[in-house]
Participant: 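Pasting in a structure now, in structure tokens, and then I'll have a few things to ask.
None of the values given here were measured: they were computed from a predicted structure. Note that ligands are numbered from 1 as they come in the structure, with each ligand's atoms numbered from 1 the same way.
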Amino acid sequence: MSTERRHVKLGYSIWASGAHPAGWRLPEANAHGTFDPGFILRTIRTAERGLLDFYFIGDRVVGLPSSQYESPNEVLRPEALTLASFVAAVTTHIGIVTTVNTTYAEPYTLARATAQLDHLSRGRIAWNIVTGKNEEAAGNFGREEHWDAAKRYAWTGEFVEVVKGLWDSWEDDALVGDKATGQFIDESKVHAIGYRGEHFSVDGPLNIARPPQGHVPILHAGSSEESHEFGAEHADIRFIMLQDTARAKAYYQDLQRRRLAHGHPEGQQTVTSLPVYVAGTAREAHEKFRQIQHLTVAEANLAPLSEALGVDLTGRRLDTPISDVAELANLEGRPALILDRARTAYDDESPTLREVALFYKRTHGKQAAVGDASDVADYIEEQFHERTTDGFIVFSPYLPGPLDAFVDLVIPELQRRDLFKTEYGTPRTFRELFGLPKPENQFTVARRAAVA
Ligand SMILES: Cc1cc2nc3c(=O)[nH]c(=O)nc-3n(C[C@H](O)[C@H](O)[C@H](O)COP(=O)(O)O)c2cc1C
């Protein structure tokens with residue numbers, strides 16, 4: 001058993017215009033950073049300076065200009081594999097998670113790109129698999145419609161099988177480079193995979209040597225039943241939505257049950273997103289939080305909030321303080337938790353309905369960590385000790401200030417509490433960072449079995 005203390009895993013998710021749709025409107029925010037390499041480089045360097053475990057790159061395969069007020073990040077988005085390559089080139093230690101939507105990809109191309117990235121980064125790449133929620137994507141790929149979950153995950157299950165086969169198509173020692181004999185490779189260690197499935201027909205081998213990690217580790221995010229099954233079967237790390245402690249624990253139990261059913265050991269690690277608003281004082285952080293919410297252009301909508309709270313608020317004036325709404329006085333369970341979290345985020349006993357609706361829209365009622373370094377560290381520590389998650393992916397409302405603040409204020413506080421590492425140490429692969437074993441090559445295993 002490892003004697004190393006269990007430390008929280010921390011990633012940073014690049015949302016170049018900010019994770020909050022209105023964050024970029026602040027005077028100190030950069031509204032033009034999305035395609036500015038110098039600006040992106042600064043975020044990468046800051047994340048590595050903060051010893052973060054990974055730099056997370058999401059992706060979409062649609063551009064939706066009309067969603068500019070709701071979600072500017074859905075309008076313009078850096079391409080994730082290309083950006084991962086850039087991150088690899090300018091870093092030494094930090095893990096790199098890159099997202100690829102399998103619904104609109106080909107396994108051979110994906111296997112090549114991720115294997116190449118794993119070589120370029122010396123084993124620091126991980127692949128976040130998503131299957132896409134945007135209907136509009138279909139039209140970009142000659143499809144009539146965006147498939148339902150059953151089809152997307154059946155396709156993706158085969159997709160992963162093919163990709164793993166291709167990564168294995170070169171055994172680890174297949175490259176010989178014997179100058180005396182002129183033998184470049186050992187052909188007996190390079191394999192066609194001859195995959196014939198319902199969705200894919202792929203001969204192989206790949207023309208990229210096996211990734212240093214053997215198989216690039218897989219993260220998975222999604223919310224359908226099919227996603228839960230797929231994640232339990234194929235993912236090394238699960239991206240979860242952390243609603244509250246009770247649900248997180250139930251979710252974890254369910255995940256482990258599914259893992260066992262697929263013949264995997266228990267203990268799949270999870271990470272969750274965390275919007276962070278941190279400043280030198282709690283007061284400053286709460287003021288910034290409020291200021292950003294009020295910069296939101298899209299008007300607050302009381303219908304989703306009414307549904308979440310189980311109280312019909314539609315027709316109420318948006319500037320009504322919640323203490324003036326009698327039906328909100330004695331809520332219990334999740335509705336009470338949502339109101340409490342909104343109160344805490346605004347540091348106000350009676351925020352207005354507009355403010356609570358804006359809070360709910362951005363967080364879906366989940367926690368935002370708002371406060372000074374100690375407040376943010378308290379939340380991370382509490383969740384980590386409750387074992388609701390193994391790690392967090394920091395979402396900064398805008399850039400660059402909040403990322404700097406996280407690294408300069410929260411990281412030292414977590415280190416002081418011995419919750420986070422104080423150095424990277426010798427360079428490690430993403431698998432090593434997360435304690436994930438390197439899978440054996442299926443062809444090497446088969447050869448050994450044949451000889452025995
Ligand atoms: C925390 C989280 C982060 C996600 N990030 C992305 C992303 O960057 N790109 C994307 O296309 N989908 C992303 N998704 C997942 C898609 O929303 C998912 O593919 C979609 O929900 C369809 O799968 P489902 O039907 O299983 O939910 C994310 C989901 C979660 C829960």
Side-chain angles (χ1 to χ4, degrees), residues 9-19 21 34 54-64 67 70-84 96-105 110 126-138 140-141 143 145-157 159-160 218-235 237-243 247-248 251-252 254-255 258 268-276 362-368 383 388-396:
K9 295 284 183 295
L10 292 175
Y12 163 71
S13 174
I14 175 69
W15 299 94
S17 62
T34 310
F54 59 98
Y55 189 90
F56 182 92
I57 309 167
D59 205 13
R60 296 252 184 251
V61 285
V62 286
L64 303 171
S67 61
E70 290 280 332
S71 187
N73 287 302
E74 308 243 349
V75 179
L76 289 170
R77 196 85 181 243
E79 200 286 317
L81 288 166
T82 322
L83 180 51
I96 306 160
V97 182
T98 189
T99 300
V100 175
N101 180 334
T102 43
T103 305
Y104 300 103
L110 187 282
W127 168 28
N128 178 40
I129 294 184
V130 297
T131 64
K133 64 173 182 183
N134 300 90
E135 303 280 327
E136 300 86 344
N140 292 337
F141 295 89
R143 302 249 177 94
E145 58 183 12
H146 185 60
W147 298 332
D148 64 13
K151 178 144 186 205
R152 278 185 279 125
Y153 284 98
W155 164 281
T156 302
F159 194 114
V160 169
I218 292 174
L219 278 80
H220 177 58
S223 44
S224 60
E225 165 62 23
E226 288 84 352
S227 160
H228 289 98
E229 269 302 297
F230 173 85
E233 184 173 2
H234 297 288
I237 298 169
R238 175 86 203 174
F239 200 154
I240 63 164
M241 299 275 271
L242 177 56
Q243 298 285 0
R247 283 206 211 188
Y251 182 94
Y252 191 77
D254 178 63
L255 194 63
R258 291 178 197 256
Q268 187 179 38
Q269 295 173 69
T270 63
V271 292
T272 192
S273 57
L274 181 64
V276 178
R362 292 317 316 158
T363 65
H364 303 287
K366 294 191 305 163
Q367 181 94 12
Q383 295 304 317
T388 54
T389 184
D390 298 290
F392 294 90
I393 306 185
V394 173
F395 280 26
S396 306

Participant: For ligand 1, which atoms, with element, lie under 4.0 Å from some heavy atom of A221?
Facilitator: 2 (C), 3 (C), 4 (C), 15 (C), 28 (C), 29 (C), 30 (C)

Participant: Under a 4.0 angstrom heavy-atom cut-off, which atoms of ligand 1 come close to R152?
Facilitator: 22 (C), 23 (O), 24 (P), 25 (O)

Participant: Is any N or O atom of N128, backbone or side chain, closer than 3.5 Å to an N or O atom of ligand 1?
Facilitator: no

Participant: Taking only heavy atoms of T131 into account, list the atoms of ligand 1 that are under 4.0 Å away from them.
Facilitator: 19 (O), 22 (C), 23 (O)

Participant: Are F159 and H234 near enough that their ring centres are under 6.0 Å apart?
Facilitator: no

Participant: With nothing but distance in play, are any N or O atoms of S223 less than 3.5 Å from an N or O of ligand 1?
Facilitator: yes

Participant: What do you reckon, does S273 have a nitrogen or oxygen under 3.5 Å from a nitrogen or oxygen of ligand 1?
Facilitator: no

Participant: Please indicate whether Q269 has more than 12 foreign heavy atoms, meaning atoms of other residues, nucleotides or ligands, lying under 6.0 Å from its CD.
Facilitator: yes

Participant: In ligand 1, which numbered atoms sit nearer than 4.0 Å to a non-hydrogen atom of G58?
Facilitator: 8 (O)

Participant: Looking at R60 and E74, is there a salt bridge between them, counting it only when a charged N and a carboxylate O are closer than 4.0 Å?
Facilitator: yes

Participant: Does ligand 1 come near enough to T99 that some N or O of the ligand is less than 3.5 Å from an N or O of the residue?
Facilitator: no

Participant: Would you kindly specify which portion of R60 sits under 4.0 Å from ligand 1, judged on non-hydrogen atoms: side chain, backbone, both or neither?
Facilitator: side chain

Participant: Regarding atom 23 (O) of ligand 1: of the candidates W147, Y153, F395, F230, which has the closest heavy atom?
Facilitator: Y153

Participant: So that I know where these two stand, are F56 and F239 an aromatic pair - ring centroids less than 6.0 Å apart?
Facilitator: yes

Participant: Tell me which one of D59, V100, D148, T98 gets a heavy atom nearest to atom 7 (C) of ligand 1.
Facilitator: D59

Participant: When you measure from atom 5 (N) of ligand 1 to each heavy atom in T102, V61, V130, which option holds the nearest one?
Facilitator: V130

Participant: For ligand 1, which atoms have a heavy atom of F239 less than 4.0 angstrom away?
Facilitator: 1 (C), 3 (C)

Participant: Verify, without hydrogens or angle tests, whether N73 (side chain) and G18 (backbone) share a donor-acceptor contact under 3.5 angstrom.
Facilitator: yes

Participant: Go through ligand 1 atom by atom and flag the ones less than 4.0 Å from a non-hydrogen atom of S224.
Facilitator: 24 (P), 25 (O), 26 (O), 27 (O)

Participant: Within 45° of the ring axis of W155 and under 6.0 Å from its six-membered ring centre, is that where the NZ or CZ of R143 lies?
Facilitator: yes

Participant: Are any of the N/O atoms on M241, whether in the backbone or the side chain, positioned under 3.5 angstrom from an N/O atom of ligand 1?
Facilitator: no

Participant: Can you list the ligand 1 atoms lying under 4.0 Å from a non-hydrogen atom of R77?
Facilitator: 8 (O)

